[in-house]
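Working notes, beginning with the structure itself.
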Amino acid sequence: MDKQKQVLILPGDGIGPEVCDEAKKVLIHVNQSHDLNISIEESLVGGKAFEETGKPLPDDTLNAAKKSDAVLLGAVGGPTWDDLDYHLRPERALLGLRAELDLFANLRPAILSKHLADSSSLKPEKVLNLDLLIIRELTGGIYFGEPRGRSENKESAFNTMIYSKNEIERIGRVAFEAAQKRNKTLCSVDKANVLEVSVLWREVMTELSKDYPDVELSHMLVDNAAMQLVRDPKQFDVMVTGNLFGDILSDIAAMLTGSIGMLPSASLNSDNTGMYEPVHGSAPDIAGKGLANPIAAILSVAMMLKYSFDAKEASLAIENSIEEVLSEGFRTHDLEGPQDSKLSTSQMGNKIIEKLN
Ligand code: NAD
């Protein structure tokens, strides 16, 4: 049996604990069925952690995350904590974990299940067989650049968009390698007609492409990329971009697949230690009602098995079980379908486990 691997689950706030419960059930199941030797721990994060410890990212949680091979996070935040100081807000925990674990590569697949083509905001023929991977740089750019702040008279405010060659190169390599494993085309998105930082981004990507002659690299301006994503998303295979542009483009891509409740994500460092989380937030409007779709969280477990543990069979088994459940017409409340097809959060988790059996 392989060396024991440690997974830390951080359920967080709102629907986070509900969807994590289902993801945990699935992880426990495949751990046994595929003999993965994973041990699971849980810790506090976000608003809940603030209530109990006064910090959204307590030291114990951060230390546990650093010792783990992978982290599964539910979601953080909610109206209860909206008026807290910036550094105490639940969302700070996410930035803290990303920075402390050096999770610079954010992988967001947008894959449309063929059974959900009617749930997309685009016409079914525009999205059928959509399988797109957006790779977003996660620990640099304007979200972290210094200086930032307010002018002395408080009449203006500023942030700094900064990327070093090294930062661009390391996310570029992740993207080229991902493209090599897929259709060998990579679109790099920037704003090189206006931003100096994007001119450097484009230069580094072009230089890097010499190391990956089998991958066809193209460049696109971010405004055009946003438009092309809703005009003809299937023209893309892998897209790579900076922190701010990636944040926005990946949410556009999310809606193409029907519901934000379907999309997982992985944030990786250079050792492939990763944090995995659904793309959605804590959905306070439906929290505690059994209405949340747990599929994004369960697919996040599938990504964890693939990227951090190289357990491709177990990962595929989860993806196939989800497809089977959807093909039989079962839906959660966020997905289009007749009322009698709707399952609660835990019923959906149980159905997926039934198929794994
Ligand atoms: P949200 O993603 O929580 O919700 C947006 C809409 O999608 C809501 O109507 C919600 O009910 C629905 N939805 C989201 N996930 C769903 C699921 N799994 N199943 C069914 N429906 C789902 O975004 P928001 O409302 O803008 O943010 C709510 C809170 O979450 C805020 O405090 C925000 O800061 C936080 N947030 C956290 C994260 C994170 O933890 N990674 C990400 C985004 C937002």
Side-chain angles (χ1 to χ4, degrees), residues 9-23 26 43-51 56-57 61 65 71-84 86-99 101 103 106-108 113 116 119 121 136 138 143 243 246-248 250-267 274-301 303 322 326 330-337 341-349 352:
I9 301 188
L10 303 174
D13 307 317
I15 62 169
E18 298 166 52
V19 297
C20 276
D21 278 352
E22 303 315 307
V26 170
S43 276
L44 292 169
V45 77
K48 212 172 219 165
F50 172 76
E51 300 299 336
L57 180 58
T61 300
V71 177
L72 175 70
L73 186 133
V76 294
T80 320
W81 306 286
D82 275 353
D83 296 328
L84 286 175
Y86 178 66
H87 70 286
L88 294 176
R89 288 185 55 135
E91 293 81 357
R92 288 298 303 166
L94 285 179
L95 293 186
L97 282 164
R98 287 170 188 167
L101 302 178
L103 304 173
N106 184 224
L107 275 52
R108 286 197 184 194
S113 162
L116 295 182
S119 297
S121 46
R136 164 188 169 196
L138 200 61
Y143 291 175
N243 208 342
D247 197 359
I248 299 164
S250 56
D251 268 23
I252 299 177
M255 261 335 284
L256 303 178
T257 66
S259 169
I260 198 159
M262 295 292 300
L263 292 180
S265 75
S267 305
M275 183 159 83
Y276 299 84
E277 51 179 320
V279 164
H280 62 75
S282 61
D285 52 335
I286 57 166
K289 297 180 181 161
L291 294 177
N293 183 349
I295 292 179
I298 294 172
L299 283 171
S300 299
V301 168
M303 283 191 92
I322 292 171
L326 295 173
F330 295 106
R331 301 285 182 267
T332 41
H333 291 262
D334 51 315
L335 301 172
E336 299 261 320
S341 68
K342 301 290 169 99
L343 303 183
S344 71
T345 311
S346 62
Q347 285 169 332
M348 179 53 92
I352 292 166

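Numbers here simply count residues along the sequence, with the first being 1. Whatever order the structure lists ligands and atoms in, that order sets their numbers, starting from 1.
Counting only heavy atoms from C-beta outward, the side chains of Leu116 and Glu336 never approach each other to under 4.5 Å. Under the 4.5 Å side-chain criterion, counting only non-hydrogen atoms from C-beta, Asp251 is in contact with Val279. Ile248 is not listed as a side-chain neighbour of Arg136, based on a closest heavy-atom distance of 4.5 Å or more. Two residues are said to be in side-chain contact when any heavy atoms from C-beta on lie closer than 4.5 Å; Pro17 and Lys48 meet this criterion.
The protein non-hydrogen atom at the shortest distance from atom 29 (C) of ligand 1 is Ser282 OG, 3.2 Å. Protein heavy atom at the shortest distance from atom 31 (C) of ligand 1 is Glu91 OE2, 4.0 Å. Nearest protein neighbour of atom 28 (C) of ligand 1, counting heavy atoms only, is Pro284 CD, 3.5 Å. Considering only non-hydrogen protein atoms, atom 40 (O) of ligand 1 sits nearest to Val76 N, 2.9 Å. From the protein, the heavy atom lying nearest to atom 2 (O) of ligand 1 is Gly281 N, 2.7 Å. Here the protein heavy atom with the shortest distance to atom 32 (O) of ligand 1 is Gly78 N, 3.1 Å. Shortest contact from atom 3 (O) of ligand 1 to any protein heavy atom: Ala283 N, 2.8 Å. With respect to atom 9 (O) of ligand 1, the closest heavy atom belonging to the protein is Asp285 OD2, 2.9 Å.
Counting only heavy atoms, the protein gets under 4.0 Å from atom 11 (O) of ligand 1. In this structure, atom 18 (N) of ligand 1 has a protein heavy-atom contact shorter than 4.0 Å. There is no protein heavy atom closer than 4.0 angstrom to atom 26 (O) of ligand 1. Counting protein heavy atoms under 4.0 angstrom from atom 6 (C) of ligand 1 gives zero.
The CE atom of Met348 sits 5.0 Å away from atom OG1 of Thr332, with the distance rounded to the nearest 0.5 Å. Taken to the nearest 0.5 Å, the NE2 atom of His280 stands 8.0 Å off from the CD1 atom of Ile286. The CG atom of Leu95 sits 11.5 Å away from the CG atom of Leu103 when rounded to the nearest 0.5 Å. Going from atom CD of Glu22 over to atom CD1 of Ile295 covers 11.0 Å, rounded to the nearest 0.5 Å. For the atom pair CE (Met303) and CG (Leu107), the distance works out to 5.0 Å, reported to the nearest 0.5 Å. Distance CD1/Ile352 to CG/Leu299: 7.5 Å, rounded to 0.5 Å.
With a heavy-atom cut-off of 4.0 Å, Leu94 touches ligand 1 through its side chain alone. With a heavy-atom cut-off of 4.0 Å, Val19 does not touch ligand 1 at all. Residue contacts with ligand 1, taken as heavy atom pairs separated by less than 4.0 Å, involve Asp334 solely via side-chain atoms from C-beta onward.
Note: no N/O pair closer than 3.5 Å links Ile286 and ligand 1 by distance alone. For ligand 1, the polar-atom distance check against Glu277 finds a nitrogen or oxygen pair separated by under 3.5 Å. Where the criterion is an N or O separation shorter than 3.5 Å, residue side chain and backbone included, Asp82 fails it with respect to ligand 1.
Heavy-atom proximity to Ile15, at under 4.0 Å, picks out these atoms of ligand 1: 15 (N), 16 (C), 17 (C), 18 (N). Those atoms of ligand 1 with a heavy atom of Gly77 less than 4.0 angstrom away are 32 (O). Near Ile260, with a cut-off below 4.0 Å to any heavy atom, the atoms of ligand 1 are 7 (O), 13 (N), 14 (C), 15 (N). Those atoms of ligand 1 that come under 4.0 Å of a heavy atom in His280, given as number and element, are 2 (O), 14 (C), 15 (N), 18 (N), 42 (C). The distance from ligand 1 to the heavy atoms of Ala292 drops below 4.0 Å at these ligand atoms: 19 (N). Taking every non-hydrogen atom of Ala75 and a distance limit under 4.0 Å, the qualifying atoms of ligand 1 come out as 40 (O). Of all atoms in ligand 1, listed by their number and element, those nearer than 4.0 Å to a heavy atom of Gly261 are 17 (C), 18 (N).
In Asp83, the CG atom is not crowded: 12 or fewer heavy atoms of neighbouring residues, nucleotides or ligands sit closer than 6.0 Å.
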For this session: Report the C-alpha distance between Glu51 and Trp81 in whole Å, list the side-chain angles of each, state the deciding distance to 0.1 Å, and finish with yes or no for side chain to side chain donor-acceptor pair (under 3.5 Å).
Result: CA-CA 10 Å; Glu51 300 299 336; Trp81 306 286; 2.5 Å; yes

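A side chain to side chain contact (heavy atoms under 4.5 Å, CB included) with Glu277 holds for exactly one of Leu73, Leu72, Val76; it is Leu73.
Counting only distance, with no hydrogens or angles, the side chain of Asp13 and the backbone of Gly47 share a donor-acceptor pair below 3.5 Å.
Considering every non-hydrogen atom in both Lys289 and Glu18, the closest pair reads N-OE1, 4.2 Å.
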